[in-house]
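Data first, discussion second: the structure below is written as structure tokens.
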There are 2 protein chains.
Amino acid sequence: MRNYQKDANLDNRLHKLIKFFDIKKRITIKDIAKALNLTSSTVSRALNDNSRISEKTKQAVKQTAKELGYEPNYLASALRKGKSNLVGLIIPRANSYFFSSVVKAIGDRLSIEGYNIIITQSNESYEKECQNIESLLYTQVDGIIASLANETVDLEYYNKIKANGVPLVIFDRGEDSLNVDYIGIDDYLSSFKVVEHLYNQGCRRIAHIGGYRHTRIYESRVEGYIDALTKFNLPLEESLISESNLKVEDGRAIMEELLKLPNKPDAIYAAGDFAALGALQVAKENHISIPDDIALVGFSNEPFTSLITPSITSIEQHSEMIGRLAAETFLDRINNPDKAVKLNKIVLDTELIVRESSKKLK
Amino acid sequence: MRNYQKDANLDNRLHKLIKFFDIKKRITIKDIAKALNLTSSTVSRALNDNSRISEKTKQAVKQTAKELGYEPNYLASALRKGKSNLVGLIIPRANSYFFSSVVKAIGDRLSIEGYNIIITQSNESYEKECQNIESLLYTQVDGIIASLANETVDLEYYNKIKANGVPLVIFDRGEDSLNVDYIGIDDYLSSFKVVEHLYNQGCRRIAHIGGYRHTRIYESRVEGYIDALTKFNLPLEESLISESNLKVEDGRAIMEELLKLPNKPDAIYAAGDFAALGALQVAKENHISIPDDIALVGFSNEPFTSLITPSITSIEQHSEMIGRLAAETFLDRINNPDKAVKLNKIVLDTELIVRESSKKLK
DNA sequence: TTATATTGCGCAATCGTTTGCGCAATGGTT
DNA sequence: AACCATTGCGCAAACGATTGCGCAATATAA
């Protein structure tokens with residue numbers, strides 16, 4: 001009796017305190033259970049539409065859940081079920097058109113299935129990328145979708161993901177050596193198409209402003225370029241090929257070198273639009289007409305390529321589709337964990353968008 | 001004895017099974033505890049550098065943690081501590097320059113403090129925005145940073161966030177009515193500066209291609225425009241003001257209307273760069289010289305504004321700083337939950353970037 | 001009518017960490 | 001020597017939801 005009195009007193013004071021500080025008590029399934037004289041098991045099953053619960057009880061549970069303002073705690077659920085409904089995303093940076101388009105597509109697709117995405121940026125740093133992987137694994141993500149940093153060569157950390165049984169999907173930048181699902185484009189063929197187009201426009205000395213060849217996609221682009229030159233019997237010269245970060249400044253610097261050549265190129269194919277832009281700027285400054293003196297083609301179909309004058313011919317990578325397919329590849333893995341044998345290697349066709357910068361023939 | 005025998009047997013078979021399927025057993029603090037003949041309490045404290053644990057024990061714990069390949073489970077920790085180290089982000093869409101820049105900045109800033117960010121997109125839909133809020137709250141995020149969808153007028157859902165005691169920071173698009181921390185720019189003053197600049201360039205009939213005025217930022221821009229006109233004794237005419245979504249097509253359509261006017265404007269100030277671009281396109285098509293016939297100014301300083309010809313004068317919003325400040329405002333709230341009284345309303349200065357499209361005077 | 005399914009729900013363990021409290025051993029103070 | 005403070009660690013209960021198992025009560029079949 002004494003004890004009861006004390007408890008009631010305590011309860012009373014607690015309530016006053018709660019009211020005073022306007023603390024909103026979290027409503028849990030236990031509260032719903034108490035209100036209906038049930039157990040939390042039943043409430044949980046009712047909310048999850050378990051077949052062993054009567055329709056009547058389900059209604060009652062859902063009703064009072066609403067009345068009490070119940071809000072589920074996904075963390076608790078995730079801990080128990082071993083499934084967080086979170087997908088980790090690792091990208092070099094968020095503020096580029098390509099990556100942000102992919103992010104948008106992945107987000108849109110996965111939100112339909114009830115997943116949220118955690119976005120992390122490597123800023124092209126290998127170290128940061130490793131930190132991101134750890135952080136995502138510790139957060140118990142159900143999968144990771146990643147595009148590798150430029151720096152990343154060692155892939156031990158990515159094996160860690162697989163070792164944890166977490167599905168991994170790589171897009172765009174990725175190594176074949178890594179035995180995982182991959183979504184990308186046919187860089188080799190795209191390059192080939194570019195050169196073919198330039199050849200058809202009458203160009204015979206085609207320079208290539210390339211990315212660093214230790215990255216597979218840029219290596220493939222160089223190979224496509226070289227093979228196409230060979231096919232069309234065009235000169236393949238050291239001085240016409242370069243490697244860089246493909247920024248605007250890089251394009252500018254390389255273009256300046258090219259213009260110093262005794263035997264100037266009549267076309268420039270840059271493996272990135274920003275480098276192409278740099279080249280265009282230098283051409284303009286030197287009163288060299290694009291495309292009449294030199295034709296120009298970029299890569300990625302950045303929005304600005306269609307807006308500037310002259311508009312720049314480029315390669316459309318279908319970034320939104322890459323994102324959607326990456327998301328769906330992950331979903332496929334999650335929904336069929338058994339058929340873990342066959343890898344998905346999706347290589348998308350690209351589209352050559354011909355614009356003013358390479359239209360020599362009207 | 002019998003029992004023990006049975007258990008050992010079971011254990012044995014389980015181990016074989018594990019080995020067979022190559023299942024990696026999750027290492028928990030319990031395993032570390034068992035290995036060192038400690039309890040999980042001690043292990044937990046040791047890993048968290050609790051002062052009540054001897055240095056010797058800490059070393060031992062950390063050592064075997066590494067040896068066993070221990071990986072913490074943030075979900076469990078979050079559940080117990082009531083802190084997830086996750087921050088929710090709600091933006092209209094990820095693939096715009098402004099928002100992706102903000103995302104990048106927020107991500108970079110918060111990752112330093114050990115937070116991960118969950119990104120959700122409203123796609124300008126009020127309904128989706130509400131779903132996002134719910135989803136984020138259920139995921140137990142420690143805070144939410146949001147920019148409202150165009151559609152969003154009713155803010156009841158945002159009050160739900162505050163009711164849950166979750167810090168909320170709004171940036172860019174937000175209502176004053178909502179009593180929360182806010183980071184944005186001075187839209188009124190920016191508009192004023194634009195008109196002032198155009199006036200100084202000799203323009204006397206200035207049209208405004210505006211956004212929908214039910215969104216505060218666009219309303220403020222209109223007000224700044226009007227007040228500046230008044231100050232400089234310029235004509236304020238219905239026909240010179242419009243409302244739209246500020247897309248390229250909108251800019252085009254409105255420009256065509258403006259060109260039909262008997263008394264054409266000599267300057268156009270668009271509240272968005274894409275609308276400005278549309279106007280520019282139409283002007284070019286009609287052989288109207290920008291800036292000689294009509295001066296043009298946009299808003300947002302999208303990357304393309306500096307790349308096209310003529311380059312477009314615009315307003316730089318410092319998106320990266322907005323992101324950083326939004327992140328820091330959140331951190332401030334989290335670290336000082338007590339001083340919940342004073343709201344942060346940060347209004348950043350913008351910068352008028354004068355380019356070719358509005359340079360009448362050399 | 002008896003045997004067997006099915007339905008409806010509760011018990012209690014569990015996911016992996018954290019943390020208030022308690023207890024013993026040691027150290028330091030008068 | 002008696003007393004208190006500190007140090008080092010364990011006990012056990014949380015956090016909130018899920019789930020295998022078990023036990024009645026009812027429904028169905030034989």
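Only this structure's heavy atoms are used, side chains among them; waters, hydrogens and symmetry mates stay out. Every chain is numbered from 1, with letters handed out A, B, ... down the list of sequences. What you are looking at is a predicted structure, and each value in this text was computed from that prediction instead of being measured.
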Between the protein and nucleotides 4-8 of chain C, which nitrogen or oxygen pairs are less than 3.5 angstrom apart?
| residue | atom | partner | partner atom | Å |
| --- | --- | --- | --- | --- |
| dT7(C) | O4 | Arg52(A) | NH2 | 3.4 |
| dG8(C) | N7 | Arg52(A) | NH2 | 3.1 |
| dG8(C) | O6 | Arg52(A) | NH2 | 3.1 |

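Computed from coordinates, the Tyr138(A) OH to dG16(C) P distance equals 15 Å when rounded to whole Å. For the pair Asn85(A) CG and dA17(D) P, the interatomic distance rounds to 15 Å; values are reported in whole Å. One can place NZ of Lys58(B) at 10 Å from P of dC9(D), the figure rounded to the nearest angstrom. A straight line from CG of Asp49(B) to P of dT17(C) spans 16 Å, rounded to a whole angstrom. Between Ile29(A) atom CD1 and dC11(C) atom P the separation is 14 Å, expressed in whole Å. Between Asn48(B) atom CG and dC9(D) atom P there is a gap of 15 Å when expressed in whole angstrom units. At whole-Å resolution of the value, CG in Leu36(A) and P in dC9(C) are 11 Å apart. Here dC9(D) presents its C1' atom at 13 Å from NZ of Lys56(B), a figure rounded to the nearest Å.
Ion pairing between a basic and an acidic side chain is recognised when a charged N comes within 4.0 Å of a carboxylate O; Asp49(A) and Lys62(A) show such pairing.
Within the 4.5 Å cutoff, the side chain of Leu86(A) has no heavy atoms near those of the Tyr74(A) side chain. A 4.5 Å side-chain heavy-atom check between Ile145(B) and Phe171(B) finds at least one atom pair inside the cut-off. Side-chain contact between Ile91(A) and Val102(A): absent, with no pair of heavy atoms (C-beta onward) separated by less than 4.5 Å. Side chains of Thr120(B) and Ser135(B) form no contact here, defined as non-hydrogen atoms less than 4.5 Å apart. Val87(B) is not listed as a side-chain neighbour of Val141(B), based on a closest heavy-atom distance of 4.5 Å or more.
Closest to the side chain of Arg80(A), from the set dT17(C), dG10(D), dT14(C), is dT14(C). When the nucleotides dT18(D), dT17(C), dT19(C) are ranked by their closest atom to the side chain of Thr28(B), dT17(C) comes out on top.
For the pair Ser44(B) and dT17(C), the criterion of a side-chain N or O lying under 4.0 Å from OP1 or OP2 is not met. Look at Ser41(A) and you won't find any side-chain N or O under 4.0 angstrom from OP1 or OP2 of dG10(C). At the phosphate of dG10(C), OP1 or OP2 sits under 4.0 Å from a side-chain N or O atom of Thr39(A). Under 4.0 angstrom from either OP1 or OP2 of dT17(C) there lies no side-chain N or O belonging to Ser40(B). The side chain of Asn73(A) places no N or O atom within less than 4.0 Å of a non-bridging phosphate oxygen (OP1 or OP2) of dC15(D). The shortest distance between the side-chain N/O atoms of Tyr70(A) and the OP1/OP2 oxygens of dA17(D) is below 4.0 Å.
With the nearest nucleotide of DNA chain D identified for both Leu79(B) and Asn37(B), Asn37(B) has the one nearer the 5' end.
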Fill in: Steps toward salt bridge (Lys or Arg N to Asp or Glu O under 4.0 Å) verdict (Glu113(A), Arg109(A))
CA-CA 7 Å; Glu113(A) 314 290 331; Arg109(A) 183 68 188 84; 2.9 Å; yes

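Across every non-hydrogen atom of Arg26(B) and Pro72(B), the tightest pair is NH2-O, 4.1 Å.
Below the 3.5 angstrom threshold, one finds a donor paired with an acceptor across the side chain of Arg45(B) and the base of dG10(D).
Residue Leu75(B) is classed as having no contact, given no heavy-atom separation below 4.0 Å to the nucleic acid.
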